[in-house]
Number of protein chains: 2
Amino acid sequence: MDEADGPRGSAGSVAFAPHDHARCRRAAIEDAQAHCKTAGLRLTPVRERVLEILLESHVALGAYDVLRRLTDEGAVPQPPIAYRALDFLVAHGFAHRIEKLNAYVACTAPCERHDPVFMICRDCRAVAELPSAPIARDLEREAARIGFDIGRTVVEAEGLCPSCRVGETA
Amino acid sequence: MDEADGPRGSAGSVAFAPHDHARCRRAAIEDAQAHCKTAGLRLTPVRERVLEILLESHVALGAYDVLRRLTDEGAVPQPPIAYRALDFLVAHGFAHRIEKLNAYVACTAPCERHDPVFMICRDCRAVAELPSAPIARDLEREAARIGFDIGRTVVEAEGLCPSCRVGETA
DNA sequence: ATTAGAGATGTGATGATATAACAATCGAAA
DNA sequence: TTTCGATTGTTATATCATCACATCTCTAAT
């Protein structure tokens, strides 16, 4: 990967590689702010705070993990508070839901519009987000063969990230 | 598809195509019985019954749907009864878990060993199971690029099956 | 400024999915 | 026929997600 590519650069996964994470977070927040302004969406305090919480790492957090963080900061512990913010972030591409974990991660790519591919570490729950173009093509071809009309796709690989492979028992 | 291919033939999805479903069910049960005998696994009455319930159609059933069926037949309504049987069937490849739906379907292919691709109808919840070889290759290549070691994969496309596309509003 | 309407939030309750824990039983093999 | 691991019975609880309805808050039209 070209070192000149930033944390949200185009060369692929950032989650498993050392990177300037402060910049990564800042860029994601600024992207979200800019996109909301352009699109007339309201990045309210709780929505922005939830995005910040997700952006603290590339580890997937459950809705109740997020809620716990919010309540530690004074919010009342009502699940809809977390779910509503997460739903907003997912709906607009600022975060993704990981079906395999029932959990959420911040988006780490300028997510135009096809569902990404995720690589999920089973040890540390870190999630790398990859572009899905080749796999999407394969899926479309298979779907066409059986007359299926694809809406959304879930592509998640569970395994071990580079860090967690180190020292793993054979 | 070659009509000579049976319901568990090699040419791909059977779930969305008209087929001799009685034969389909029978073949799946017999496969399971034979495989358990060979492998020294115990296809106990409740396990076999749960497989039969899943095999009644190609529609995904939740664990509590299965449990309801069992209790209608006299079992006591304890969730572990259903989950244990489902876990057994999934562990040995006689059924699959659909992450997107938190639900289960009977396996419709002689599942040697790579995780299948599923096409899930959002209207009728029918699930077609396809071989995953090309997609698995793509995923492996992407994983190698970032040093990720893939264990299991989840590939699920949600959309509309051929039957449910008919008469769908544009 | 006033206010109507849509979107967002506060709040209590409940629904849906899944597992922990431990006792009792069964079945294959020593 | 005893033993040991796998399976089942049973109670309880954990975890994930949504409903329903009141209230508030922005924004834009008046």
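For the numbers below, each heavy atom of this structure counts, side chains included, while hydrogens, waters and symmetry mates do not. Letters go in sequence order (proteins before strands), and every chain restarts at 1.
Straight-line distance from the OH atom of A/Tyr83 to the C1' atom of C/dT11: 17 Å, rounded to whole Å. One atom, CG of A/Leu86, and another, C1' of C/dA8, lie 15 Å apart when rounded to the nearest Å.
The side chain to side chain contact (heavy atoms under 4.5 Å, CB included) check on B/Arg84 picks up B/Pro80, with sequence neighbours excluded. For A/Phe148, the ring-ring contact (aromatic ring centres under 6.0 Å, His included) partners at least two apart in sequence or on another chain are B/Phe16. Take B/Pro79 and apply the side chain to side chain contact (heavy atoms under 4.5 Å, CB included) test, not counting sequence neighbours, and it matches B/Tyr64, B/Leu67, B/Tyr83. Residues meeting the salt bridge (Lys or Arg N to Asp or Glu O under 4.0 Å) test with B/Asp123, sequence neighbours left out: none. For A/Glu140, the salt bridge (Lys or Arg N to Asp or Glu O under 4.0 Å) criterion is met by no residue, not counting sequence neighbours. Residues passing the salt bridge (Lys or Arg N to Asp or Glu O under 4.0 Å) test with A/Asp87: none are found, sequence neighbours excluded. Looking at residues two or more places apart in sequence or on another chain, you find a side chain to side chain contact (heavy atoms under 4.5 Å, CB included) between A/Ser132 and A/His114, A/Val117, A/Ala136. In this structure, the side chain to side chain contact (heavy atoms under 4.5 Å, CB included) partners of A/Val76, at least two apart in sequence or on a different chain, are A/Gln78, A/Ile81.
Nearest-nucleotide positions on DNA chain C for B/Pro79 and A/Ile81 put A/Ile81 closer to the 5' end.
At distances below 3.5 Å, at least one donor-acceptor pair connects side-chain atoms of B/Glu129 with backbone N or O atoms of B/Thr108.
Residue pairs meeting the salt bridge (Lys or Arg N to Asp or Glu O under 4.0 Å) criterion with at least one partner in residues 92-110 of chain B, sequence neighbours excluded, are B/Arg97-B/Glu99.
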Legend entry - Sequence-aligned protein contact record of nucleotides 20-30 of chain C, with B where the base is within under 4.0 Å of a protein heavy atom and S where only the sugar-phosphate is: BB-----S---

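Residues from residues 63-78 of chain A placing a heavy atom under 4.0 Å of any atom in DNA chain C, listed by number, are A/Val76, A/Gln78.
For B/Arg97, a side-chain nitrogen or oxygen approaches OP1 or OP2 of C/dA18 to under 4.0 Å.
With a heavy-atom cut-off of 4.0 Å to chain B, the contacted part of DNA chain D has its first and last nucleotide at D/dT7 to D/dT11.
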